[in-house]
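Note sheet for the following structure.
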Number of protein chains: 2
Amino acid sequence: MALSREQVVVGAYSVLQEQGLGGLSMRRVAQHLGVQPGALYYHVASKQELLAEIASRILADPPTTDPRQAARDLRAALLRARDGAEVVSFVHAFRPDALAALQTLPALFTDLPPREAGWAARALVHYVLGFVAEEQNRAELVRLGVLPDDAPDADEAFEFGIGAITAGSYLDPR
Amino acid sequence: MALSREQVVVGAYSVLQEQGLGGLSMRRVAQHLGVQPGALYYHVASKQELLAEIASRILADPPTTDPRQAARDLRAALLRARDGAEVVSFVHAFRPDALAALQTLPALFTDLPPREAGWAARALVHYVLGFVAEEQNRAELVRLGVLPDDAPDADEAFEFGIGAITAGSYLDPR
DNA sequence: ACCTGAACACCGTTCAAGT
DNA sequence: ACCTGAACACCGTTCAAGT
């Protein structure tokens, strides 16, 4: 039963859940699948490509509602995967167009001219990725006991930020 | 003439300029200084500590004016160093308090209550770091000829973002 | 077509031993 | 006090050779 690209991606995803992004190596994925490291390269061109595949699965479907709700959904999707924000940020950095789910964001800023809608979408994405990366990092440090578990106002803080970024860009609140 | 911590940091900084963050290894810093890799660890506890030192030098002095100008100054400081935004983001991720220059930002939101000032400052920092990271990444890809040199409206796009984030948080525009 | 074995060119970090 | 030499435990990637 030959290995498949799908199995490689799923295997990598589960290594990510168990070890975090820092522990996600090609060699560990191979070990997890009971195969030699070189075998992975028959199904996947590089670690970057593998990460891009994982990132788009983390993001899942493109947003369809208003920008604020899209930001909330994006945050929720990132929080579902261990180090989700870090993985997506990494991919977003060197291949922004690889993430289809982020491509439709500008169209949600219906009352802005195209140029500005693009800028607004980028601002929102940068904010969400940065916010959740910090959030997941803190959670990890709390898990390791190196940080006290304060700041339960993450939801409120997040909402403040998206409120600010989208303020004035479209008029119906809530 | 014994090596000093200062020389290690300066050496690392110049390797960063020449090779970028991806090429910044302890071994290359050692080579650049004409010393064995192990010698560095007499002056610096880890690569992370070294990066934290570099990051605070990239940021230089804390901002003193209004949030919008602080954001512009922050962007300018990041652009001065190769991969500046990536370096600072990395350090900010696992040691946010190590960057003194970002600590004073909340105080600039003079018309917001403390909690909200903190949120606004974080939103602004996430936006600036994300924006400049993308900007420097694009510039690198253009330099390598893999991307066409379009999008000269970076300043305008940046200004749009900080305008949005700080809109309503204090009342005098400009 | 698909995988193994083995190598290549790297990493960060530690630490006895030298001076 | 400060550095070397050498090792440890890793990396991503390639590629002849096997099946």
Side-chain angles (χ1 to χ4, degrees), chain A residues 1-55 82-83 86-87 89-91 93-95 98 137 140 144 146, chain B residues 1-55 82-83 86-87 89-91 93-95 98 137 140 144 146:
Chain A
M1 35 132 193
L3 200 61
S4 68
R5 181 183 170 95
E6 178 67 19
Q7 283 176 73
V8 171
V9 174
V10 170
Y13 191 91
S14 76
V15 171
L16 177 65
Q17 295 310 321
E18 287 160 22
Q19 316 272 358
L21 182 56
L24 176 55
S25 69
M26 296 302 271
R27 301 179 106 100
R28 271 211 257 249
V29 173
Q31 195 184 352
H32 180 86
L33 295 168
V35 96
Q36 294 296 316
L40 302 179
Y41 290 86
Y42 196 89
H43 303 278
V44 122
S46 64
K47 188 180 178 181
Q48 291 206 355
E49 189 191 292
L50 182 51
L51 283 173
E53 192 73 51
I54 292 174
R82 161 113 94 132
D83 291 339
E86 237 174 326
V87 171
S89 290
F90 182 79
V91 173
F94 66 92
R95 217 181 280 176
N137 236 296
E140 184 61 19
L144 296 174
V146 55
Chain B
M1 35 136 192
L3 200 62
S4 69
R5 181 183 170 95
E6 178 67 19
Q7 283 176 74
V8 172
V9 175
V10 170
Y13 191 92
S14 75
V15 172
L16 176 66
Q17 295 310 322
E18 287 159 22
Q19 316 272 358
L21 182 57
L24 175 55
S25 69
M26 295 302 271
R27 300 179 106 100
R28 271 212 256 249
V29 174
Q31 194 183 354
H32 180 87
L33 295 169
V35 96
Q36 294 297 315
L40 302 179
Y41 290 86
Y42 196 88
H43 302 278
V44 122
S46 66
K47 187 180 180 182
Q48 289 205 357
E49 188 190 292
L50 182 52
L51 283 172
E53 192 75 51
I54 293 174
R82 163 113 93 133
D83 292 339
E86 239 174 324
V87 172
S89 289
F90 183 79
V91 173
F94 65 90
R95 216 181 281 177
N137 236 297
E140 183 61 17
L144 296 174
V146 56

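Each chain gets a letter, A, B and so on, in the order its sequence line appears, and its residues count up from 1. All heavy atoms count here, side chains included; hydrogens, waters and symmetry mates do not.
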Quick one: which of C/dC2, C/dC11, D/dT13 gets closest to the side chain of A/Ser46? D/dT13

So, for B/Gly20 and B/Asp83, which heavy atoms are closest and what is the spacing to 0.1 Å? CA-OD2, 3.4 Å

Test: A/Glu140 and A/Arg82 ion pair at under 4.0 Å: yes

Mate of C/dT13 across any strand shown (Watson-Crick or G-U wobble, both atom pairs under 3.5 Å) is D/dA7

How close or far is atom C1' of D/dT4 from atom CG of B/Leu3, stated in whole angstroms? 13 Å

I want to verify a distance call: between D/dT4, D/dG12, D/dT13, whose nearest atom is closest to the A/Pro37 side chain? D/dT13

Tell me whether the side-chain N/O atoms of A/His43 come closer than 4.0 Å to OP1 or OP2 in C/dC3. yes

Tell me: CD of B/Gln48 to C1' of C/dC11, nearest whole Å? 15 Å

Tell me the interatomic distance from A/Leu40, atom CG, to C/dT4, atom P, rounded to whole angstroms. 9 Å

B/Gln7 atom CD, over 12 foreign heavy atoms within 6.0 Å: yes

Distance between P atoms of D/dA9 and C/dC10 (Å, rounded): 22 Å

Is the phosphate of C/dG5, meaning OP1 or OP2, less than 4.0 Å from a side-chain N or O of A/Gln36? yes

Send over the distance from B/Gln19 CD to C/dC10 P, rounded to a whole Å. 11 Å

Just how far, in rounded Å, is C1' of D/dT4 from CZ of B/Arg27? 13 Å

Within the structure shown, what part of the strands sits under 4.0 Å from B/Ala39 by heavy-atom distance: base, sugar-phosphate, or nothing? base

Separation of C/dT13 P from B/Leu51 CG (nearest whole Å): 10 Å

Any-strand Watson-Crick or G-U partner of D/dA1, both distances under 3.5 Å: C/dT19

Atom of B/Asn137, atom of B/Glu86 and distance for their closest heavy-atom approach: ND2-OE1, 4.3 Å

Taking 4.0 Å as the cut-off, does a side-chain nitrogen or oxygen of A/Tyr41 come that near to OP1 or OP2 on D/dT13? yes

Would the number of heavy atoms belonging to other residues, nucleotides or ligands and lying under 6.0 Å from CD of A/Glu18 be above 12? yes

Protein-nucleotide distance (A/Arg5, atom CZ; C/dC2, atom P), rounded to Å: 13 Å

Between C/dC3 and A/Tyr42, is there an OP1 or OP2 to side-chain N/O distance shorter than 4.0 Å? no

From CZ of B/Arg28 over to P of D/dC11, roughly how many Å is that when rounded to an integer? 20 Å

